[in-house]
S.K.: 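Questions regarding the structure given below will be posed in turn.
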Amino acid sequence: MRKITALLYMCGCACVVWAQEPQGATFIVKEKSAERVGEELAVSMRIDISGMEIPKSRSVVCTPLIESGDSARALPPIILNGKTRHILYERMERPRSNPPAEYEYRRYNGEEQQIDYRIYMPYSDWMKRSEVSIVMDDCGCGWEASRSDKSPLFSLNFEPVVLRPQLVYVTPVAETVKARQLAGSAFLDFPVNQTVIHPDYRNNPAELAKIRKGIEAVRGNKFATITGLAIKGYASPEGSYTSNARLAEGRAKALLDYVKGLYDFGSAQTRVDYEPEDWKGLEKAVEEGNLPDKEELLAIIRAVEPKDWDAREWKLKTLNGGASYKVLLRDVYPALRHSDYTVDFTIRNFTVDEAKELVFTDPSQLSLNEMFQVAGTYEAGSPRFNEVFEIAVRLYPDDPVSNLNAAISAVQVKQFDKARRYLAKAQECPEKRLAEAAILMYEEKLDEAETILKALTDDPNVGDAARDNLRQIEEKRNE
């Protein structure tokens, strides 16, 4: 048996070359197609045998073959005969069938010659993704014996194109030091003009308990180290500015002394600051309230003049006979007398195995980067994988990277409304544009998606994904 080699898809043609004598003979498939017609499969080919030289007493049998996995079906063969073999073939009696069991042609050596081949056969499900090749047999051994020398022609794919857009996650920046802060406000009650804390006075037991609870939560965290404690005191605009400065500072210092008397902060830095009168808090309260002369009050609060705070307070007192000022004294000023506290601390870094244990039980200990590393241990798109990104965005709801990765995760499970909410808070970057294009692809807005993707093809991070998505769009259009 002469060995057959294949040169495929050159200039749009499949070319099978007969490698032994006669030298240079070729079997060229110029046009080829397959389509499903009802319950039948139609295979068509236009074959150019002009370059073949077949001795008059010889034959070449060309058998098209459809294969998928372990399934295979041979199509009616094309028999190319030399002059003498052709005469013998015609003299033989052969049963007629429809479709024919084989197609026989005489080769007129040295002449241009083309063959149109079209065959209908019963369609089977295994053919929906299969390969069409051709087996050349010039020794009479049969196509099964020559199968190892088959030459691929084209692929069949009757499955609908399912878009699966490629997406690219963004790796959060790793934190060298995981610095964190716990913040709160205490609304302590003091006797008039005093700065000494009375733990049992009015609502002080509840307010002091709130501060202790916050500090103890950090102290009780075995992974945390307190690095600083800051307290800032505020007074309301009632009374003189000088007096209020003394009260705000004194009460903040008293609170710091009270806390330091309860806990040993070691080398942690402590600091006190104060704001004599909380005019920003007053502005916010008035703006959000419903006082009838709200705009006039805001005009006084926001005015550049007078610069003297006591003179400005006098204007509030005398506005419209003082009616609104009485409401401010009763409903607004008490909340402006507060002490804000912050506890600064660090949390140690974790290995991936440690983080994997914490992410579902105590994720507040983890950085975004640590959660990202945990997600990478799960199969992309799996429930656990997606859950990690949901946890990350809950803990870091305003972080642009956590929102972007949560959006990408939502796109993968086709939760597009959720994805768009996250994308609205995500950072502007090629990965975000890729996710937006993916949503459009799923919604079959292919033109809009294509416009976005074409602008991303040269990006070093998402270029490969963008090009693959463009390929999918083209396949979808051509299905």
Side-chain angles (χ1 to χ4, degrees), residues 4 6-17 26-52 60-80 96-105 112-137 142-144 146-147 149-165 441-442 444-447 449-450 467-479:
I4 306 298
L7 301 174
L8 301 175
Y9 301 106
M10 298 177 63
C11 301
C13 301
C15 176
V16 179
V17 180
T26 57
F27 177 102
I28 302 173
V29 180
K30 286 192 169 182
E31 299 175 13
K32 49 199 178 296
S33 68
E35 57 182 331
R36 185 175 175 183
V37 182
E39 295 304 314
E40 291 187 307
L41 178 66
V43 177
S44 299
M45 290 182 282
R46 171 159 286 186
I47 302 159
D48 190 340
I49 59 173
S50 302
M52 296 187 73
V60 177
V61 180
C62 311
T63 306
L65 187 66
I66 299 179
E67 295 179 285
S68 178
D70 294 332
S71 300
R73 183 178 297 171
L75 280 61
I78 302 167
I79 301 174
L80 303 177
R96 295 182 179 273
S97 62
N98 187 20
E102 58 192 27
Y103 295 86
E104 188 269 346
Y105 300 91
E112 296 288 327
Q113 191 173 357
Q114 293 188 351
I115 298 168
D116 287 321
Y117 178 92
R118 185 171 179 85
I119 182 70
Y120 288 85
M121 72 183 69
Y123 175 82
S124 298
D125 283 342
W126 63 264
M127 295 178 182
K128 62 186 176 183
R129 290 185 69 89
S130 55
E131 299 292 329
V132 179
S133 57
I134 195 158
V135 176
M136 306 286 282
D137 172 22
W143 69 266
E144 293 93 340
S146 307
R147 191 171 176 180
D149 293 324
K150 66 186 177 184
S151 301
L153 295 180
F154 54 92
S155 299
L156 301 182
N157 185 356
F158 294 109
E159 291 182 329
V161 176
V162 179
L163 294 173
R164 294 183 176 87
M441 288 176 67
Y442 278 123
E444 297 200 12
K445 299 176 181 176
L446 303 185
D447 291 344
E450 184 179 52
R467 287 188 292 272
D468 186 78
N469 291 350
L470 286 169
R471 176 192 58 78
Q472 293 186 50
I473 287 174
E474 187 64 23
E475 288 182 357
K476 186 68 174 177
R477 286 173 172 157
N478 294 332
E479 71 174 346

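No hydrogens, no waters, no symmetry mates; every other heavy atom, side chains included, goes into these values.
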S.K.: Tyr120: which residues meet the ring pair (Phe, Tyr, Trp, His ring centres under 6.0 Å) condition with it, sequence neighbours left out?
M.R.: none

S.K.: Output yes when Arg477 and Asp447 qualify as a salt bridge under the 4.0 Å nitrogen-oxygen rule, no when they do not.
M.R.: yes

S.K.: Answer whether the closest heavy-atom distance between the side chains of Lys476 and Ile473 falls below 4.5 Å.
M.R.: no

S.K.: Test of understanding: with side chain to side chain contact (heavy atoms under 4.5 Å, CB included), list the residues that count as partners of Glu104, not counting sequence neighbours.
M.R.: Ile79, Asn81, His86, Tyr89

S.K.: Please give me the minimum heavy-atom distance between Leu156 and Ala34, naming the atom from each residue.
M.R.: CD2-CB, 3.1 Å

S.K.: Find out whether Phe154 and Val29 are in side-chain contact, i.e. whether some heavy atom of one side chain is under 4.5 Å from a heavy atom of the other.
M.R.: no

S.K.: Taking all atoms of both residues into account, what is the closest heavy-atom pair of Asn469 and Arg164, and its distance?
M.R.: OD1-O, 4.4 Å

S.K.: Can you tell me how far apart SG (Cys62) and CE (Met52) are? Round to the nearest 0.5 Å.
M.R.: 6.0 Å

S.K.: Let me see the working for Ser133 and Glu67 under side chain to side chain contact (heavy atoms under 4.5 Å, CB included), right down to the final yes or no.
M.R.: CA-CA 8 Å; Ser133 57; Glu67 295 179 285; 4.0 Å; yes

S.K.: Does a donor on one side chain and an acceptor on the other come within less than 3.5 Å for Glu131 and Ser155?
M.R.: yes

S.K.: Considering only distance and modelled atom types, tabulate donor-acceptor pairs under 3.5 Å from the side chains of residues 37-44, sequence neighbours left out.
M.R.:
{"unit_1": "Ser44", "atom_1": "OG", "unit_2": "Arg118", "atom_2": "NH1", "d": "2.2"}

S.K.: Going through the distances and angles, do Tyr103 and Ile119 end up as a side chain to side chain contact (heavy atoms under 4.5 Å, CB included)?
M.R.: CA-CA 10 Å; Tyr103 295 86; Ile119 182 70; 3.8 Å; yes

S.K.: Which atom names give the shortest non-hydrogen contact between Ile66 and Ser130, and what distance separates them?
M.R.: CG2-OG, 3.7 Å

S.K.: My understanding is that only one of Glu450, Glu475, Met441 makes a side chain to side chain contact (heavy atoms under 4.5 Å, CB included) with Leu470; could you say which?
M.R.: Glu450

S.K.: Can you see which heavy atom on Tyr117 is nearest to which on Pro64, and at what distance?
M.R.: OH-CG, 3.8 Å

S.K.: Find the distance between CD1 (Ile47) and CD (Gln114) and round it off to the nearest 0.5 Å.
M.R.: 10.0 Å

S.K.: Between Arg36 and Met127, is the side chain to side chain contact (heavy atoms under 4.5 Å, CB included) condition met? List the steps.
M.R.: CA-CA 10 Å; Arg36 185 175 175 183; Met127 295 178 182; over 6 Å; no

S.K.: Write down the atom of Met45, the atom of Leu153, and the distance for their closest heavy-atom approach.
M.R.: SD-CD1, 3.6 Å

S.K.: One pair to check against side chain to side chain contact (heavy atoms under 4.5 Å, CB included): Lys32 and Val132. What are the steps and the verdict?
M.R.: CA-CA 10 Å; Lys32 49 199 178 296; Val132 179; over 6 Å; no

S.K.: Is there side-chain contact between Val60 and Phe27, with heavy atoms separated by less than 4.5 Å?
M.R.: no

S.K.: Contact between Ile115 and Ile49 at the side-chain level, heavy atoms closer than 4.5 Å - yes or no?
M.R.: yes

